[in-house]
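None of the values given here were measured: they were computed from a predicted structure. Along the sequence shown, the residues carry numbers beginning at 1.
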Amino acid sequence: MGNGVNFPADRALDFVSIGRLCIDLNANEIHRPLEETVTFTRYLGGSPANITVALARLGAKTGFIGKIANDGFGRFIRRYLEETGIDATSVVDDATGAVTGLAFTEIKSPTDCSILMYRDNVADLKLEPGEVSESLIASAKALVVSGTALAASPSREAVFAAIGYARKHGAKIIYDIDYRPYTWANRDEIQVYCALAAEQADVIFGGIEEFSLLEPKTDAPFDEAAVAARWLGRKAQLVVVKRGGDGSVAYTADGSAYPGRTFPANVVKTFGAGDSFAGAFLYGLLQGWDVPRCQDYGAAAAHIVVSSHSCSDAMPTRAQVEDVLRSVGALEA
């Protein structure tokens, strides 16, 4: 049994991502509020960056399209991508004096975590349509789009240019709604631009709140299955609703719904789980695995990342994921 997503063959790259490249500064003094935190550890951050690192660690051939600041953080980001084996030739340097986005994390308890983002005048939102490499996208089986990149111009137009190139060259479009309240001007913009991207996507990932933002304002209860069916009635072949600690549900174009499970973990923090899940799930799709197996692979990757202090640095290898699956009796031949 396949998964309904048929990737083009004979491409140099498996996935090319576009969007946010930033720095995570994760609190070292956990189980205390941010105002009492003294030191932080620096990591590569940004959901599309984390997903791409996850894919690369699992063995996928990846590339990234984005913009970084001309500063030490920007140079760190480029080096990190290159050392991870990610094609960074389409990551361009900003020349306007923009800065690198920062995300300070607060870890008050394994279930009480928050992120304080600094997103003013950030380089990743300065990416212009003319800086999007058509040839890189044409060389890939799929384009991974982050909704955060739609929050402002010219990044917004750059993303839609990338989507156009993906459609032109037959690359699948993977859309992670990736809603962050920062940068967006208002809810109407969120609904319009995020929904326009979803209209073009072959696979959509998002949480319940994120999917609800794509819907017209209403007082009616959120109907997850109906919302999934609506997107499956467009171009989407697969809609994955992430539910955090409650796992996920994957809806397919044939009307099936596949609940995913989670595996018990020694949770350090909650952020990063969705990115590791998405990366491992996408890796499974690329292998042609059925949806339940993709769900398990994603859940095992998330299990590893929530048990670690970092996000990008903790993205696991295939051997690490399979060790988790083996330990719970879920490893398939």
Side-chain angles (χ1 to χ4, degrees), residues 7-24 41-69 72-93 100 123-124 127 131-146 149 162 165-166 169 171-172 174 176 272 274-289 294 297-298 300-302 304-305 308-324:
F7 294 90
D10 302 323
R11 301 280 173 101
L13 295 176
D14 297 316
F15 296 93
V16 167
S17 302
I18 185 169
R20 185 161 46 108
L21 292 163
C22 67
I23 296 292
D24 283 350
T41 298
R42 177 190 63 181
Y43 302 105
L44 172 70
S47 292
N50 285 336
I51 291 171
T52 310
V53 170
L55 285 162
R57 291 260 168 79
L58 291 168
K61 298 184 289 293
T62 60
F64 206 97
I65 299 170
K67 181 168 275 192
I68 53 176
F73 284 146
R75 290 187 288 277
F76 165 78
I77 289 169
R78 182 180 297 281
R79 186 180 68 192
Y80 193 103
L81 295 174
E82 292 172 346
E83 290 178 348
T84 307
I86 298 166
D87 185 328
T89 55
S90 290
V91 175
V92 297
D93 293 321
T100 302
D124 61 89
L127 182 69
E131 295 168 323
V132 174
S133 171
E134 179 177 358
S135 61
L136 189 71
I137 294 171
S139 74
K141 296 176 182 176
L143 172 72
V144 180
V145 173
S146 163
Y165 292 143
H169 295 286
K172 294 296 180 183
I174 315 297
D176 178 17
D275 298 336
S276 56
F277 170 84
F281 190 106
L282 288 172
Y283 177 78
L285 286 183
L286 183 68
Q287 309 313 307
W289 298 343
C294 294
Y297 221 77
I304 292 168
V305 171
S308 169
H309 185 259
S310 71
C311 295
S312 54
D313 280 14
M315 294 300 172
T317 63
R318 282 175 291 186
Q320 290 172 312
V321 171
E322 288 165 9
D323 281 345
V324 172

Tightest non-hydrogen contact, residues Ala280 and Tyr297, listed as CB-O, 3.5 Å
Rounding to 0.5 Å, atoms CH2 (Trp289) and CZ (Phe281) come to a distance of 11.5 Å
Closest heavy-atom pair, Pro316 versus Val305, reported as atoms and distance to 0.1 Å, is CD-CG2, 4.3 Å
With sequence neighbours left out, the residues meeting side-chain contact (heavy atoms from CB on, under 4.5 Å) with Asp323 are Arg326
CA sep, side-chain torsions, deciding dist, call: Leu143, Ile174, side-chain contact (heavy atoms from CB on, under 4.5 Å) | CA-CA 6 Å; Leu143 172 72; Ile174 315 297; over 6 Å; no
dist Leu58:CG -> Met315:CE (nearest 0.5 Å) comes out at 9.5 Å
Check: Are Asp313 and Tyr80 close enough, and set up right, to give a side-chain contact (heavy atoms from CB on, under 4.5 Å), and what steps lead you there?
Finding: CA-CA 10 Å; Asp313 280 14; Tyr80 193 103; 2.6 Å; yes
Rounding to 0.5 Å, atoms CZ (Phe64) and OG1 (Thr84) come to a distance of 12.0 Å
Compile the donor-acceptor pairs under 3.5 Å between side chains in residues 16-23 and protein atoms, sequence neighbours left out, one pair per line.
residue : atom : partner : partner atom : Å
Ser17   : OG   : Thr52   : OG1          : 2.6
Arg20   : NH2  : Ser47   : OG           : 3.4
Arg20   : NH2  : Asp178  : OD1          : 3.3
Arg20   : NH2  : Asp178  : OD2          : 3.0

Rounded to the nearest 0.5 angstrom, the OG-NZ distance for Ser139 and Lys61 is 10.5 Å
side-chain hydrogen bond (donor to acceptor under 3.5 Å, both in side chains) filter on Arg318, not counting sequence neighbours, yields Tyr283
Distance col, row Cys311:SG vs Ile51:CD1, nearest 0.5 angstrom, shows 11.5 Å
Output for pair (Arg78 CZ, Thr89 OG1), nearest 0.5 Å, gives 9.0 Å
Run the side-chain contact (heavy atoms from CB on, under 4.5 Å) test on Val53 and Asp275 for me, step by step, so that the C-alpha distance in whole Å, both residues' side-chain angles and the decisive distance to 0.1 Å come before the verdict. CA-CA 9 Å; Val53 170; Asp275 298 336; over 6 Å; no
side-chain hydrogen bond (donor to acceptor under 3.5 Å, both in side chains) filter on Thr62, not counting sequence neighbours, yields none
For Ala123, the side-chain contact (heavy atoms from CB on, under 4.5 Å) test, sequence neighbours excluded, returns Lys67, Ala69, Asp94, Ala98
Practice problem: Answer yes or no: is there a donor N or O on one side and an acceptor on the other, between the side chain of Gln320 and the main chain of Thr317, under 3.5 Å? | Solution: yes
- Mark yes or no for whether Ser308, through its side chain, and Ala314, through its backbone, hold a donor-acceptor pair below 3.5 Å. no
> Just wondering, do Phe7 and Leu285 contact through their side chains at under 4.5 Å, heavy atoms?
Replying inline: yes
Contacts of Lys141 meeting side-chain hydrogen bond (donor to acceptor under 3.5 Å, both in side chains) (sequence neighbours excluded), chain-then-number -> Asp14
